[in-house]
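Shown next, in structure tokens, is the structure this report addresses.
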Amino acid sequence: MKNRTFATIDGNEAVAQVVYRINEVIAIYPITPSSPMAEWADAWASEGKRNIWGTVPSVVQMQSEGGVVGAVHGALQTGSLTTTFTASQGLLLMIPNMYKIAGELTPTVFHIAARSLAAQALSIFGDHSDVMAARSTGFAMLCAASVQEAQDFALIATRATLESRIPFLHFFDGFRTSHEINKIELLAEDDLRKFIPDELVLAHRSRALTPDKPVLRGTTQNPDVYFQARETVNPYYLACADITQKVMDEFAAMTGRQYQLFEYHGDPAAKRVIVLMGSGSEAVHEIVDYLNTCGEQVGVLKVRLYRPFYAKCFVAALPATTCTIAVLDRIKEPGASGEPLYLDVVAAIHEEWGDKRAGEKLELDSPLPKVVGGRYGLSSKEFTPAMIKAVFDNLAASEQKKNHFTVGINDDVNSHCIAHGINMSTAMHNQKAAVDSGQWLLYRFNPDRIKHGENPLQLDSRTPKLPLEQYMYLENRFKMLTKSNQEAAQQLLKEAQADVKTRWQMYQYLAARNYEIEQ
């Protein structure tokens, strides 16, 4: 394999570098957090930077995302390789044309920095609310979990759309991936040329609207034929998943980076599995490794191709030993019986697990895996190791496993949340102990008070009244130290108590000083 070039860049730039070089028309309208992709494309076009065919892509900014998708649709009908970037409400404005683009089997890729939709309030941060609103348009949906994947999937999606004729939404988490700066292996110009065969481009060109070869499109159909015509796309969608996997395999042969439509990681005999997609799967990957070294049998199934959802491939990727599954969605769909990925997984298990039993010679009367669903990470809410551990603990619960839960917030309205890390109900008690023991000193500092001859430091804490030891034993790290090295723990406690006393005396002294206005 030839020498590779590495760079430290963010997800938006990684995607833009690929997309700019393999398209001819790029329609743009800025919307956070996808705007940098459009900005890069616009800057490169103004500098005269050329794509892999030696031409400068036409980058045009429209009046809104509605205008953008109209321009994209029109350019596609001329046979141009065309793309755009968007997020959130911008994607919603494109949905009417997306139905047309998909219905006409027109290859294109929309690159989405997935973001919250404005509901009770606007939020510019990331979740999957926008892309899930477009899941019925007929676009395939390919999800990247990291900066490296975002770059690679920009190319894979373009090749797959040209080969399958199914338009793609390539999405990755807004801010969590779009603005994450990471070191990645860049795709070279030769990689792009090799991976986008001329015959696929020419096939797209041959379907262009031209007076030299008239065709009829955009008709009105009545009940006598509409239903039948709608079903004619089925063979294309049935072939899309296999085509995408084939493209991923060819990409692996070229770069050494192998991707799967559904990628399992963890104990081959795992009993508990988390299913999710996007940047959160990277965090779960790490915790799975840690928990398995501690003797647990857990795993994570990363969803990459979400639409079309290939149920048979999904079930095949799960260990035969799977007993319980937690499906985590980064979206809330009010009024539904479950969030989108959860419903797809439930359907897949019920429809395909029987074939898995037969194929892997499982006990015919073995029960289906229990599937529960949860919501996490809305508007880029933190998704920490403690939360992931709590989800696995919920799967291990001997009593009723909590379903349709939230993790990462304290839901004191409906009690749908599962506790994680430090017990949420004791958090305030622990904070009070930190203040009462002198570990946390509460004070205010206002330099403007000096102008009035007043001390800028106001000490709000009272004299420590709680032995520091009582606070220290509330901390898991200290409790672990007492078990592993009692002598070191006692020495640390002694030094910490002395430090609390010294710090209290210093702050008392500083708060008691008199200040006079300088003449």
Side-chain angles (χ1 to χ4, degrees), residues 69 72-73 76-77 79 82 91 94-110 112 131-143 153 156-171 197 199-200 203-204 206-209 215-250 259-262 277 303-317 336 340-356 359:
V69 74
V72 168
H73 192 187
L76 289 169
Q77 292 301 320
T82 310
L91 178 60
M94 297 184 178
I95 285 178
N97 281 73
M98 290 170 67
Y99 276 96
K100 289 292 295 176
I101 292 168
E104 294 163 355
L105 295 172
T106 310
T108 185
V109 183
F110 290 8
I112 313 299
V131 291
M132 289 301 172
R135 68 185 186 276
S136 63
T137 59
F139 269 58
M141 298 171 67
L142 186 65
C143 182
F153 288 5
I156 288 170
T158 302
R159 167 67 180 277
T161 191
L162 287 169
E163 197 161 332
S164 67
R165 292 188 60 190
I166 303 297
F168 270 67
L169 277 188
H170 164 227
F171 69 96
E199 54 267 28
L200 293 181
H204 175 57
S206 71
R207 295 186 290 269
L209 286 174
V215 295
L216 187 64
R217 279 184 202 155
T219 63
T220 296
Q221 293 177 341
N222 290 329
D224 56 340
V225 296
Y226 182 90
F227 192 170
Q228 299 93 307
R230 198 72 192 98
E231 294 295 321
T232 61
V233 300
N234 292 349
Y236 295 92
Y237 284 90
L238 291 173
C240 183
D242 288 334
I243 289 172
T244 305
Q245 186 59 66
K246 179 180 75 71
V247 171
M248 287 178 169
D249 294 342
E250 290 181 23
Y259 298 110
Q260 304 291 335
L261 304 183
F262 301 98
M277 55 186 166
V303 176
R304 294 217 167 91
L305 186 69
Y306 177 59
R307 284 288 183 273
F309 194 85
Y310 193 1
K312 189 169 186 176
C313 184
F314 169 82
V315 170
L341 182 57
Y342 166 78
L343 294 180
D344 286 319
V345 170
V346 169
I349 293 295
H350 278 268
E351 291 181 6
E352 300 293 341
W353 194 262
D355 290 344
K356 187 179 180 72

(Q) Please evaluate residues Phe168 and Met141 with respect to the criterion side chain to side chain contact (heavy atoms under 4.5 Å, CB included), reporting the C-alpha separation (whole Å), side-chain torsions for both, the decisive distance (0.1 Å), and the verdict. (A) CA-CA 6 Å; Phe168 270 67; Met141 298 171 67; over 6 Å; no

Q | Separation between CD of Gln260 and OG1 of Thr244, rounded to the nearest 0.5 Å | A | 12.0 Å

**Q.** For His170 against Ala157, the heavy-atom pair lying closest together
**A.** CB-CB, 4.4 Å

**Q.** Value rounded to 0.5 Å, distance of CZ in Arg207 from CG in Leu105
**A.** 8.5 Å

Q. Between Glu351 and Lys312, is the closest basic N to carboxylate O distance under 4.0 Å?
A. no

**Q.** Heavy-atom pair of closest approach, residues Met98 and Phe139
**A.** O-CE1, 3.3 Å

**Q.** Donor-acceptor contact below 3.5 Å, side chain Gln245 vs main chain Leu261
**A.** yes

Q.
Hydrogens and angles aside, do Ser164 and Tyr237 bring a side-chain donor and acceptor to less than 3.5 Å of each other?
A. no

Q: Please test Val69 against Phe110 for side chain to side chain contact (heavy atoms under 4.5 Å, CB included), starting from the C-alpha separation and ending with a verdict.
A: CA-CA 10 Å; Val69 74; Phe110 290 8; 4.1 Å; yes

Q. What pair of heavy atoms forms the shortest contact from Gly79 to Ala208, and how long is it?
A. N-CB, 3.6 Å

Q. With a 4.5 Å heavy-atom cut-off, do Phe171 and Met277 have their side chains touching?
A. yes

Q. Can you tell me how far the CZ atom of Phe227 sits from the CG atom of Asn222, to the nearest 0.5 Å?
A. 15.5 Å

(Q) Within this structure, what is the NE2-OG1 distance for the pair His73 and Thr108, rounded to the nearest 0.5 Å? (A) 10.5 Å

Q) When you look at CZ of Arg217, are more than 12 heavy atoms from neighbouring residues, nucleotides or ligands closer to it than 6.0 Å? A) yes

Q. Between OG1 of Thr219 and OH of Tyr226, what distance do you get to the nearest 0.5 Å?
A. 10.5 Å

Q.
For Pro223 versus Gln228, what's the shortest heavy-atom pair and its separation?
A. O-OE1, 4.4 Å

Q) Does Thr161 reach the main-chain N or O of Ile166 with its side chain, forming a donor-acceptor pair under 3.5 Å? A) yes

Q) Taking it one step at a time, do Asn234 and Glu231 satisfy side chain to side chain donor-acceptor pair (under 3.5 Å)? A) CA-CA 6 Å; Asn234 292 349; Glu231 294 295 321; 2.8 Å; yes

(Q) Between Glu250 and Arg159, does any side-chain N to carboxylate O distance fall below 4.0 Å? (A) yes

Q. Which residue, Tyr306, Tyr310, Phe314, forms the ring pair (Phe, Tyr, Trp, His ring centres under 6.0 Å) with Phe262?
A. Phe314

Q. Does Arg307 pair with Asp344 as a salt bridge, N-O distance under 4.0 Å?
A. yes

**Q.** Heavy-atom pair with the smallest gap, counting every atom of Val315 and Ala348
**A.** CG2-O, 3.6 Å

Q: Side-chain contact test, heavy atoms from C-beta onward, threshold under 4.5 Å: evaluate it for Ile101 versus Leu76 and give yes or no.
A: yes

Q | pair Arg135-Pro340: side-chain heavy atoms closer than 4.5 Å | A | yes

(Q) Set out, in order, the CA-CA distance, both residues' side-chain angles and the distance that settles side chain to side chain contact (heavy atoms under 4.5 Å, CB included) for Phe153 and Arg304, then state yes or no. (A) CA-CA 10 Å; Phe153 288 5; Arg304 294 217 167 91; 3.3 Å; yes

**Q.** Residue pair Gln221, Arg230: steps toward the side chain to side chain contact (heavy atoms under 4.5 Å, CB included) verdict
**A.** CA-CA 10 Å; Gln221 293 177 341; Arg230 198 72 192 98; over 6 Å; no

Q) What is the minimum heavy-atom distance between Tyr236 and Arg165, and which atoms define it? A) OH-NH1, 3.8 Å

Q | Leu91 CG to Met132 CE distance, which is reported to the nearest 0.5 Å | A | 12.0 Å

